[in-house]
Amino acid sequence: MPASARPSARTSRSWSRSTGRCRWRRATAPRACCACRRGASSWASSSGASCCSSRTVCARAPEPPGGRALFLAYARGYPPRPMTEIAQPDRIAKLEELRKQGIDPFPARGVEARPIHAVLAGLGTSAEPGPLAGESVTLAGRMLNLRDFGKLIFFPLLDRSGRIQVGLQRDKLTEWWPRRKLLDGGDQVAIRGVLGHTQKGEPTIWATEVRLLAKAVAAPPEKWHGMTDKELRYRRRYVDLWASEGVREVFEKRSAVLSTIRRCLEEQNYLEVETPTLHPIAGGAAARPFVTHHNALGVELFLRIAPELYLKRLIVGGLERVFEVSRNFRNEGLSPRHNPEFTMLELYEAQADYRRMMQLVEILFERCARAVNGTTQITFRGKRYDLRPPYQVVSYTELFREQQGFAYDDEPRLRARAAELGLDPATERWKLMDQVFESKVGDALEGPVFLSDYPVEICPLAKQKPENPRLAERFEVFVAGMELGNAFSELNDPFEQARRFEEQVATKDPEAPGEVDWDYVQALEYGMPPAGGLGIGIDRLVMLLTGAETIRDVLLFPTMKPLPRGAAEDPQAEE
RNA sequence: GGGCGCGUAGCUCAGUCGGUAGAGCAACUGGCUUUUAACCAGUAGGUCGAAGGUUCGAUCCCUUCCGCGCUCACCA
């Protein structure tokens, strides 16, 4: 948005708090300029209702912030306080006109309305009318895109379930007809009317009664292009949700994914739990945390980067099968696949191991795909995938050798390769190995595929393979080059766990925890049964299932840089 | 942080090889009872992101800045 479209902070100071009105107005005298009290008027407007005895404004009047149109609206005495830059003076003027006619533009009560989708289903087609054809019903929603024929007006009415065309006819709406101009696209209305079709067969409700439920003083987006500014779509998701095609569906699908997962896990006798978001030690993953502070306790706390260590405490606690839909926070850069806060499903199951976790991934992915799309077939970035199990299993170390031409633990060749890739040579060896690996392999994993048996060094919380202690019982699941999940047989040896924690802390890596989580080690000392654990990135799974190419498209309110002060700012905030 | 790109009417965008700007939609006025991006006629609406420089003259050229996007880096 161009900066000029935003009101400056000065706008709000143009208002008198004591009268609640524009100070320009009080100086008004008939035929004189509202703003400077000089007599002449070179850009006086000649039409529209006015509560000012004169709306004339001379060319020498100081140019008001927000432009002349907004200034004129202020000069009329309203809005009662300054509005954001998107409030339209003409619409604001209609508020007053409505009140004059005894109509509350923001009534307290709504109406009992039927879902439009259900009404459409019952209405049938003009060739084959359904049981609701000719019936009178009440609908409620947002009206858009008016088409005015003089004695007939059409507009679509939207509710969450769908949209239907409304027809207003002069002959059928005697009471409301004179007020039709007070309605605008974007308004919330209730329509009572008779269901039928137009000559072209368009399902239509012919209104017999109209009730304004809430006036929209901000105009909806341009009707043909809609909201095209991506940033604006994310910032004003409340508009995007009804103004852009398919947006609401994405979030309905997201909801379906979560409820499917819950149902699925409950069927497997899992318990849904909630563990802390405020952590004294940021553990359970390698990531930089957000830091916050608790005043009363006088301590530094971290927003959780993963719920893992708490959930495993619950396995020690005997809850046996637990899961959490966890919002995690990582202080990292943004990308099409990374948002600073993201949702992860984590689950832990006693007596299970990572092979059982593979099975769970397959169950969950298949069920979610069917729930959302009715099929396991998906298309992502133009390529087709099938989420039907079983998924291929590929060994990390073998794939490493295959792709790179040398073994994962061949340090000299690893360093040479890292140098070729321009990686920071100071990076810790195992991290370097993973970076080298991902440079080639990560995106190439079309999948669905389980990449399994990682070098133990990059799996501080996973159990070693009994037959090869250099490898960990861990897998990540990839589809379309995206890492969707991560699982392992959980390490439950407190001594080994303590050793790995200390090793991690010693690296001083900003992504490693700052101190050993001794309380967690102590929990393991009480004995944790063998267990499998799994994390699934819900945002990425939803991306995959909806074909969204960026994580922002599956987050209702993705993290955005705050707007500069003064933009769409609440004028009250200045006081 | 590096690279590329964008910023013109409320919205979506043209345009000016340097002479202070146009269209469609939205708004307003008039017409129209079956449209659906309705249509027809008219009106109004812009410090061309900001500041500086070059120039007789800058929205256009140059510099800097601001904002945003894409991308690289960063990010198990």
Side-chain angles (χ1 to χ4, degrees), chain A residues 1-6 43 45-48 63 66-70 72 85-91 93-94 126 144-156 163-172 181 184-186 196-204 206 218-232 234-235 239 243 284-288 305-306 330-340 342 396 422-424 427 430-431 433-435 437-438 442 451 454 458-462 474 476 483 485-486 509-512 535 537 550 560-561 563-564 567:
Chain A
M1 159 189 331
S4 60
R6 299 180 186 131
W43 38 280
S45 174
S46 59
S47 61
E63 182 65 23
R68 180 156 66 113
L70 195 55
L72 284 171
E85 81 277 17
I86 47 177
Q88 303 286 304
D90 297 308
R91 290 167 180 255
K94 290 179 186 179
S126 49
L144 285 176
N145 192 15
L146 283 85
R147 300 181 292 278
D148 186 345
F149 287 78
K151 298 184 183 66
L152 169 70
I153 299 172
F154 287 117
F155 59 85
R163 69 163 64 197
I164 189 171
Q165 173 166 274
V166 177
L168 306 184
Q169 296 167 98
R170 188 185 62 177
D171 303 341
K172 306 245 170 77
K181 299 281 185 192
D184 292 296
H197 295 89
T198 61
Q199 289 172 3
K200 295 265 171 74
E202 177 79 14
T204 300
W206 299 104
E222 206 250 9
K223 67 183 173 192
W224 180 241
H225 297 91
M227 266 191 145
T228 52
D229 184 324
K230 277 191 209 167
E231 185 203 347
L232 212 53
Y234 300 137
R235 288 192 192 279
V239 176
R288 292 170 203 239
I305 56 173
R330 298 186 183 179
N331 209 337
E332 297 164 348
L334 288 76
S335 89
R337 290 174 195 184
H338 298 83
N339 195 65
F342 63 100
Y396 181 100
L423 297 171
D424 180 3
T427 313
W430 298 108
K431 208 170 158 181
M433 176 202 71
D434 209 35
Q435 284 176 5
F437 179 75
E438 288 192 349
L451 190 61
Y454 285 60
I458 56 172
C459 314
L461 297 159
R474 171 190 181 187
E476 291 190 348
E483 177 203 333
N486 183 16
D509 186 332
E511 290 181 4
T550 154
M560 307 286 289
K561 193 171 178 179
L563 290 171

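Numbers restart at 1 for each chain; the letters A, B, ... are given by sequence-line order, proteins then strands.
Atom CZ in A:Arg170 sits roughly 13 Å away from atom C1' in B:rG31 (whole-Å rounding). As rounded to whole Å, 12 Å separates atom P of B:rC74 from atom CD of A:Glu332. Rounded to a whole Å, the CH2 atom of A:Trp206 is 13 Å from the P atom of B:rU36. One interatomic measurement links the two molecules: CD of A:Gln165 to P of B:rU35, which rounds to 9 Å at whole-angstrom precision. Look at CG on A:Leu144: it is 13 Å from C1' on B:rA37, rounded to the nearest Å. One can place CD of A:Glu476 at 11 Å from P of B:rA76, the figure rounded to the nearest angstrom. Distance CD1 (A:Ile164) to C1' (B:rU35): 15 Å, rounded to an integer number of Å. As a whole-Å value, the separation of A:Ile458 CD1 from B:rA76 P is 12 Å.
Aromatic stacking of A:Phe149 on B:rA38: satisfied, with centres closer than 5.5 Å and planes within an angle under 30 degrees.
Scored by the side chain to side chain donor-acceptor pair (under 3.5 Å) test, A:Ser335 finds A:His338 as partners (sequence neighbours excluded).
Comparing B:rU36 with B:rG69, their P atoms are spaced 38 Å from each other, to the whole Å. For the P atoms, the distance from B:rU63 to B:rG18 is 16 Å, rounded to whole Å. B:rU71 and B:rU64 have their C1' atoms separated by 24 Å, given to the nearest Å. Spacing between B:rU47 and B:rA9 at atom C1', rounded to whole Å, works out to 13 Å. Across B:rA76 and B:rC66, the matching C1' atoms stand 37 Å from one another, rounded to whole Å. Look at the P atom in both B:rA26 and B:rG49: the space between them is 26 Å, to the nearest Å. Distance noted for atom C1' between B:rC48 and B:rG2: 30 Å (whole Å). For the C1' atoms, the distance from B:rU43 to B:rA51 is 36 Å, rounded to whole Å.
Among the protein residues, A:Arg330 comes within range of the nucleic acid bases, having at least one heavy atom under 4.0 Å from a base atom. Looking at heavy-atom distances under 4.0 Å, A:Gly284 makes contact with a base. Among the atoms of the strands shown, base atoms are found under 4.0 Å from some heavy atom of A:Asp148.
A residue-by-residue look at A:Pro220 and A:Pro203 shows that A:Pro220 has its nearest nucleotide of RNA chain B further toward the 5' end. Across the interface with RNA chain B, nearest-nucleotide mapping of A:Leu146 and A:Lys181 shows A:Lys181 to be the residue nearer the 5′ end.
The two atoms that bring A:Gly185 and A:Pro220 nearest to each other are O-CD, 3.2 Å, heavy atoms only. A:Thr550 and A:Tyr234 make their closest contact through CG2-OH, 4.1 Å (heavy atoms, listed as atom of the first residue, atom of the second, distance).
With both pairing distances under 3.5 Å, B:rG67 is matched to B:rC6 as a Watson-Crick or G-U wobble pair. A 3.5 Å limit on both hydrogen-bonding distances identifies B:rG19 as the Watson-Crick or G-U partner of B:rC56. Across all strands shown, B:rU43 forms a Watson-Crick or G-U wobble pair with B:rA27, both key distances being under 3.5 Å.
For the residue pair A:Tyr396/A:Glu476, the side-chain donor-acceptor check at 3.5 Å is not satisfied.
Applying the 4.0 Å criterion to OP1 and OP2 of B:rU35, one finds that A:Arg147 has every side-chain N and O outside that range. A:Lys151 has no side-chain polar atom (N or O) that falls below the 4.0 Å cut-off from OP1 or OP2 of B:rU35. Residue A:Asn339 places no side-chain N or O under 4.0 Å from the OP1 or OP2 atom of B:rC75.
Of the candidate nucleotides B:rU34, B:rA37, B:rA76, B:rA37 has the atom nearest to the side chain of A:Asn145. Nearest nucleotide to the side chain of A:Phe154, out of B:rC75, B:rU34, B:rU71: B:rU34. Listed nucleotides: B:rA38, B:rU36, B:rC75. Nearest to the side chain of A:Thr198: B:rU36. Nearest nucleotide to the A:Gln169 side chain, out of B:rA38, B:rU34, B:rA76: B:rU34. When the nucleotides B:rA76, B:rU34, B:rU71 are ranked by their closest atom to the side chain of A:Leu152, B:rU34 comes out on top.
No donor-acceptor pair closer than 3.5 Å links the side chain of A:Lys181 to the backbone N or O of A:Lys94. Of the possible polar contacts, none joining the A:Arg288 side chain to the A:Asn331 backbone as a donor-acceptor pair under 3.5 Å is found. Between the side chain of A:Arg474 and the backbone N or O of A:Ile458, at least one donor-acceptor pair lies under 3.5 Å.
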